[in-house]
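The structure under discussion appears below in the form of structure tokens.
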Amino acid sequence: MLDIHLLRTDLSGVAARLASRGYTLDTDAFAALEAERKEVQTRTQELQAKRNAISKQIGLARAKGEDASALMEQVASLGDELKAAEEKLAVIQAKMQDFLLNLPNLPHASVPVGDSAADNVEVRRWGTPRRFDFAVRDHVDIGAVLGLDFDTGAKLSGARFTFMRGPVARLHRALAQFMLDVQTTEHGYTECYTPYVVTAETLRGTGQLPKFEADLFAAKKGGQEGEGEALYLIPTSEVTLTNVVRDEIVPLEALPIKLTAHTPCFRSEAGSYGKDTRGMIRQHQFDKVEMVQIVHPDRSYEALEEMVGHAEALLRKLELPYRVMLLCTGDMGFGAAKTYDLEVWLPAQGTYREISSVSNCEAFQARRMQARFRNAQGKTELLHTLNGSGLAVGRTLVAVLENHQREDGSVIIPEALRPYMGGEKVLAADGKTSE
RNA sequence: GGAGAGGUGGCAGAGUGGUCGAAUGCGCCGGACUCGAAAUCCGGUAACAGGGUCUCCCUGUUCGAGGGUUCGAAUCCCUCCCUCUCCGCCA
């Protein structure tokens with residue numbers, strides 16, 4: 001959510017910055033609503049003040065045993081107008097809230113202006129894509145004999161679900177454990193276990209609601225006939241980790257808060273029909289190790305660079321070539337002020353594909369959540385929140401299989417991962433180490 | 001699922017229709033005392049929103065959430081949510 005003061009004082013400036021990310025701000029609608037709000041709110045508060053003052057006098061008169069009927073008449077005459085004004089104000093404020101909740105964040109000044117992914121800027125590359133002296137297979141073919149089973153996934157749950165067994169299932173688990181251990185022991189994050197099902201209020205805090213309900217899975221408690229509040233499956237643990245500070249005023253010395261969790265993520269992938277239909281690049285359910293930092297506003301851009309480094313460290317340890325992309329204004333997510341994507345090399349596709357996305361949301365989420373800290377002057381101030389994948393486990397599995405494949409269909413396990421694989425060096429169909 | 005208790009400021013905890021945004025204690029901030037510290041004493045200390053003559057003043061809202069009664073609600077009524085205790089069931 002944007003700061004309403006900024007819209008009041010610099011509406012055209014806000015409109016220009018939103019336009020750079022392809023969002024057209026209806027300035028006339030805002031100006032009209034704001035003018036109406038100001039008038040109605042002033043009038044309402046005037047009437048409330050009058051009522052409060054007279055009511056107080058009634059109390060005093062009664063206490064002295066005096067007759068208060070003249071005062072009662074005065075206040076009665078306010079009644080209808082006050083009630084009407086309060087109702088009108090509530091409607092205007094709800095409209096205003098709705099308007100604000102649907103505005104995306106402002107891009108940071110350092111973000112390149114552009115319309116689409118084509119305008120993203122490559123910041124750096126690491127590693128050299130390997131040359132293969134045999135026909136490269138993609139992860140679907142490699143995984144077929146190693147336990148990657150899309151048919152069973154589809155039978156159980158439909159398209160975009162994967163079933164894993166044996167060596168691949170173990171590799172998947174090993175990757176998640178490895179990532180969590182690096183985040184906690186080397187990067188200073190606190191490991192968390194969080195709910196996978198959350199309330200609408202929680203999703204409003206991080207910005208998935210009200211605008212993106214179509215991207216979520218909703219859940220219902222058994223034994224209830226449409227009663228009660230809808231619950232949603234988390235699309236990322238950014239949601240649960242960030243909402244930890246919702247409605248909190250954290251002490252200055254508690255900052256920065258650095259949290260990580262390994263959770264499944266559930267996404268309906270509405271609007272991505274026909275995209276990445278082969279393999280496990282785009283699934284309704286995938287695992288991710290998430291990094292969340294909740295920091296002092298002065299430190300958030302420093303933290304952003306640091307978090308990109310944390311994600312990069314994992315890719316390096318796994319010996320996976322990647323590049324770092326700075327997203328342009330038109331390609332950033334709703335709540336982000338600045339985002340870096342990490343793209344891993346996928347030899348079968350002959351291209352780099354997103355495996356991590358790290359964003360600074362500045363106060364956008366904090367304002368929705370009322371997540372604050374007490375500054376050095378003792379005043380409350382909004383925090384800055386950041387989140388990033390460290391990493392998407394499914395896509396990392398794909399990258400390991402494809403980049404480290406061998407001609408005989410086995411896969412070399414990167415050294416960093418071997419302690420998590422019982423010391424084995426190679427992933428093979430028979431489960432045996434062939435070297 | 002059954003029975004009961006309860007949700008109040010950073011925390012603990014009073015308050016059952018009228019100067020209550022809220023006693024008291026703790027914590028925190030400032031001051032006094034002290035060479036300094038501790039102890040003690042004095043004073044201050046909620047959030048959010050709006051307005052202004054904008055380092056300050058004024059107004060409004062907020063006592064789990066929403067609705068109702070009333071001139072007036074933390075306090076009375078209704079609905080919902082959550083927490084705790086006991087019993088039952090359960091991984």
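Atom set for the values below is all heavy atoms of this structure, side chains included, hydrogens, waters and symmetry mates excluded. Naming convention: chains lettered A, B, ... in sequence-line order (proteins, then strands); numbering from 1 in each chain. No experiment lies behind these values; they were computed from the predicted model shown.
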*Is the distance between the ring centroids of A:Phe334 and A:Phe364 under 6.0 Å?*
yes

What integer distance in Å separates [X]:[atom1] from [N]:[atom2]?
| X | N | atom1 | atom2 | answer |
| --- | --- | --- | --- | --- |
| A:Leu71 | B:G18 | CG | P | 18 Å |
| A:Glu248 | B:G9 | CD | C1' | 14 Å |
| A:Arg43 | B:U59 | CZ | P | 17 Å |
| A:Leu231 | B:C81 | CG | C1' | 12 Å |
| A:Lys38 | B:U59 | NZ | C1' | 15 Å |
| A:Leu7 | B:G50 | CG | P | 12 Å |
| A:Gln41 | B:C48 | CD | P | 16 Å |
| A:Glu39 | B:G51 | CD | C1' | 15 Å |

Between [N] and [M], how many Å separate the two [atom1] atoms, rounded to a whole number?
| N | M | atom1 | result |
| --- | --- | --- | --- |
| B:G50 | B:C86 | C1' | 50 Å |
| B:A3 | B:G60 | C1' | 43 Å |
| B:C28 | B:U85 | C1' | 34 Å |
| B:C63 | B:C58 | P | 23 Å |
| B:A74 | B:U62 | P | 7 Å |
| B:A5 | B:U59 | P | 42 Å |
| B:G15 | B:G6 | C1' | 16 Å |
| B:C48 | B:C41 | P | 33 Å |

*asked:* Quick check: on RNA chain B, is the nucleotide nearest A:Glu86 upstream (toward 5') of the one nearest A:Gln93, or the reverse? Name the residue that is more 5'.
replied: A:Gln93

*In terms of the nearest nucleotide of RNA chain B, which residue is placed more toward the 5' end: A:Gln48 or A:Arg372?*
A:Arg372

*Which pair of heavy atoms, one from A:Leu148 and one from A:Met280, lies closest together, and at what distance?*
CD1-SD, 3.7 Å

*asked:* Just confirming the chi classification of B:U40, syn or anti, using 90° around 0 as the syn window.
replied: anti

Please state whether the phosphate of [N], meaning OP1 or OP2, lies under 4.0 angstrom from any side-chain nitrogen or oxygen of [X].
| X | N | answer |
| --- | --- | --- |
| A:Arg37 | B:G51 | yes |
| A:Arg374 | B:A47 | yes |
| A:Thr44 | B:G60 | no |
| A:His5 | B:A49 | no |

Only pairs with both distances under 3.5 Å count, Watson-Crick or wobble alike; so what is the partner of [N] in this structure?
| N | result |
| --- | --- |
| B:A73 | none |
| B:C28 | B:G44 |
| B:U16 | none |
| B:U34 | none |
| B:C84 | B:G4 |
| B:A22 | none |

Might you list the N or O atoms of the protein lying below 3.5 Å from N or O atoms in nucleotides 67-72 of chain B, with each pair's distance?
| from | atom 1 | to | atom 2 | distance (Å) |
| --- | --- | --- | --- | --- |
| B:C71 | O2' | A:Ser55 | OG | 3.0 |
| B:C71 | N4 | A:Arg62 | NH1 | 3.2 |
| B:G72 | O4' | A:Ser55 | OG | 3.3 |

Whether [Y] and [X] form a salt bridge (side-chain N of Lys/Arg under 4.0 Å from carboxylate O of Asp/Glu) is what I want to check.
| X | Y | answer |
| --- | --- | --- |
| A:Glu269 | A:Arg267 | no |
| A:Arg316 | A:Glu312 | yes |
| A:Lys83 | A:Glu86 | no |
| A:Arg37 | A:Glu34 | yes |

*Identify the residue among A:Glu306, A:His384, A:Glu362 that makes a side chain to side chain donor-acceptor pair (under 3.5 Å) with A:Tyr301.*
A:Glu362

_For the backbone of A:Ser389 and the side chain of A:Ser356, can you confirm whether one donor and one acceptor N or O come within less than 3.5 Å of each other?_
yes

*Hey, what's the ring geometry for A:Phe150 with A:His139, parallel, tilted or perpendicular (30° and 60° as the breaks)?*
perpendicular

